[in-house]
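Presented below is the structure to which this report refers.
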Protein chains: 2
Amino acid sequence: MTETPATPARLDTLVRCLKTRGCRITPQRVAVLKIILNSAQHPSAEEIHARVQVDYPMTSLATVYKTLALLKDMGQVTEISLGHSGSRYDGHPADPHSHLICLKCNRIFDADIPALAALPQSVQQSTGFTITHQRFDFFGICSECQNNPTSIT
Amino acid sequence: MTETPATPARLDTLVRCLKTRGCRITPQRVAVLKIILNSAQHPSAEEIHARVQVDYPMTSLATVYKTLALLKDMGQVTEISLGHSGSRYDGHPADPHSHLICLKCNRIFDADIPALAALPQSVQQSTGFTITHQRFDFFGICSECQNNPTSIT
DNA sequence: TTTACTGCAAACGATTTGCAGTCCC
DNA sequence: GGGACTGCAAATCGTTTGCAGTAAA
């Protein structure tokens with residue numbers, strides 16, 4: 001279970017990266033960036049939208065999606081598609097990690113499993129696949145939900 | 001890269017399992033079962049539908065989805081949701097394996113990676129999560145697509 | 001005969017797109 | 001001032017659902 005603390009330096013990096021692309025830095029966009037970077041819990045587009053609206057009530061969901069698309073494109077955000085109930089967004093794809101997905105409270109925790117680091121390499125050799133990226137998800141019930149009979153969310 | 005040969009015995013098992021549930025054995029349903037069991041490449045609902053229609057042209061997509069839902073419910077089929085372009089279906093969830101997903105031809109291959117077998121257990125202990133199931137996906141380009149510049153599909 | 005299943009069409013829900021107006025740079 | 005961005009509403013698209021008719025048991 002890993003905390004993902006806010007990293008102001010990373011926000012600067014993303015802003016600079018956007019500018020380089022010729023993208024403009026709008027308040028809505030910055031708000032989305034901050035929310036994603038500060039979220040350890042991998043929010044959904046709807047959740048991001050709700051949180052942006054606290055500061056910018058006019059912000060539309062479409063804008064959130066467009067910003068997310070941009071970030072995905074830059075490789076700065078990973079989409080965790082869950083099939084049902086849409087996708088969740090991971091603002092820290094750089095260091096590879098697994099996801100622990102709680103089926104009760106729907107939160108997604110990061111897990112650092114060192115053993116997985118060597119895997120792509122060995123799979124690549126044994127299968128002939130050229131592996132670009134991977135995804136390791138564990139589904140189950142988090143420790144909090146095991147203790148509390150009522151869901152937390 | 002694993003072949004998944006047809007297993008008539010498994011068809012019988014599923015049919016029996018359905019009967020036990022009070023479900024009826026219709027031609028369309030059997031067709032879907034056979035296609036899933038004989039597919040090593042994890043077809044989409046649309047693909048299954050197209051293949052069923054070869055023998056039963058009247059079959060609707062809704063029926064395919066309903067049968068898939070039934071099989072998922074029985075734990076006999078796993079849904080591999082890819083976010084974009086819908087889900088794919090794995091008729092061999094019993095023995096746990098990873099998926100090698102080719103980003104070019106969109107085929108999904110099975111990979112048996114022994115190292116992963118012990119993972120759930122150890123993750124469970126180190127995180128306090130109760131893990132019910134997991135999913136290991138490797139994304140990249142399959143060896144065929146690396147050799148052929150034109151996609152195969 | 002019973003009632004689960006089928007096919008159709010309409011509904012759904014997350015995501016996307018087109019467009020006219022806005023406002024970063 | 002120009003063009004990227006925004007917000008809105010409509011469009012998409014895979015999947016689900018409701019329902020009247022059909023057929024497995």
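First the proteins, then the strands, lettered A, B, ... as listed; each starts at 1. Because the structure is predicted, anything quoted here is derived from the model rather than measured.
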Would you call B/Ile36 and B/Thr67 a side-chain contact if the rule is heavy atoms closer than 4.5 Å?
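With C-beta onward as the side chain, the pair stays apart.
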Return the value, rounded to whole Å, for the distance between atom [atom1] of [X] and atom [atom2] of [N].
X: A/Tyr56; N: C/dC23; atom1: OH; atom2: P; value: 14 Å
X: B/Leu18; N: C/dT6; atom1: CG; atom2: P; value: 11 Å
X: B/Glu47; N: D/dT15; atom1: CD; atom2: C1'; value: 16 Å
X: A/His49; N: C/dT15; atom1: NE2; atom2: P; value: 13 Å
X: B/Lys19; N: D/dA24; atom1: NZ; atom2: P; value: 13 Å
X: A/Leu71; N: D/dC5; atom1: CG; atom2: P; value: 12 Å
X: A/Met58; N: D/dA9; atom1: CE; atom2: P; value: 11 Å
X: B/Leu68; N: D/dG14; atom1: CG; atom2: P; value: 15 Å

Worksheet item: Is there a residue in residues 25-32 of chain A whose heavy atoms reach under 4.0 Å of DNA chain D, and which residues are they?
Response: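 Nucleic-acid contacts, sorted: A/Thr26, A/Gln28, A/Arg29.
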Handout entry: 5' priority, DNA chain C, between B/Gly22 and B/Val64 [closest heavy atom]
Key =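 Upstream on the strand: B/Gly22.
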**Message:** Need to verify one output field. Residue with the more 5' nearest nucleotide on DNA chain C, B/Ser60 or B/Arg24?
**Reply:**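 Closer to the 5' end of DNA chain C: B/Arg24.
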ask   = A/His99 vs A/His42 aromatic rings, parallel, tilted or perpendicular, using cut-offs 30° and 60°?
value =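 The arrangement is perpendicular - the two ring planes meet at more than 60°.
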(request) Please state whether the rings of A/Phe136 and B/Phe138 are parallel, tilted or perpendicular, taking 30° and 60° as the class boundaries. (result)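 The rings of A/Phe136 and B/Phe138 stand perpendicular, inter-plane angle above 60°.
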I'd like to know if A/Phe109 and A/Leu82 are part of one continuous hydrophobic network [Ile/Leu/Val/Met/Phe/Trp/Tyr, side-chain heavy atoms within less than 4.5 Å].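 Looking at the clustering, A/Phe109 is in a separate group from A/Leu82.
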*Would you say C/dC5 has OP1 or OP2 under 4.0 Å from some side-chain N or O of B/Thr63?*
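Indeed not, no polar side-chain atom of B/Thr63 lies that close.
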Note to self: Using a 4.0 Å heavy-atom cut-off, does A/Ser87 contact any base of the nucleic acid, only the sugar-phosphate backbone, or nothing at all?
What the structure shows: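 Sugar-phosphate, no base atom in range.
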Under 4.0 Å between any heavy atoms, over every strand shown, what does A/Thr59 touch: base, sugar-phosphate, or nothing? Just pick one.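 A/Thr59: backbone/sugar contact only, no base atoms under 4.0 Å.
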Inset, instruction - Measure across B/Leu61 and B/Glu46 and return the closest heavy-atom pair with its distance rounded to 0.1 Å. - result: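 Closest approach of B/Leu61 to B/Glu46: CD2-OE2, 3.9 Å.
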Tell me whether B/Thr127 contacts the main-chain N or O of B/Phe129 through its side chain, where contact means a donor paired with an acceptor under 3.5 Å.
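It does hold such a pair.
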message = Return the CG to CD distance between B/Leu33 and B/Gln28, rounded to the nearest 0.5 Å.
response =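 Those atoms lie 11.5 Å apart.
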**Prompt:** Closest nucleotide of DNA chain D for B/Cys23 versus for A/Leu70: which of these residues is on the 5' side?
**Reply:**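 Closest to the 5' end, via its nearest nucleotide, is A/Leu70.
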> Are there more than 12 heavy atoms of other residues, nucleotides or ligands under 6.0 Å from atom NZ of A/Lys72?
Replying inline: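 Yes - once you tally the heavy atoms of other residues, nucleotides and ligands closer than 6.0 Å, there are more than 12.
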Every protein N/O within reach of nucleotides 16-21 of chain D N/O, cut-off under 3.5 Å:
from	atom 1	to	atom 2	distance (Å)
D/dG18	O6	B/Lys66	NZ	3.2

*Mind checking ring-ring contact (aromatic ring centres under 6.0 Å, His included) for A/Tyr89 and listing every partner two or more places apart, or none if nothing turns up?*
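Not a single residue meets the ring-ring contact (aromatic ring centres under 6.0 Å, His included) criterion with A/Tyr89.
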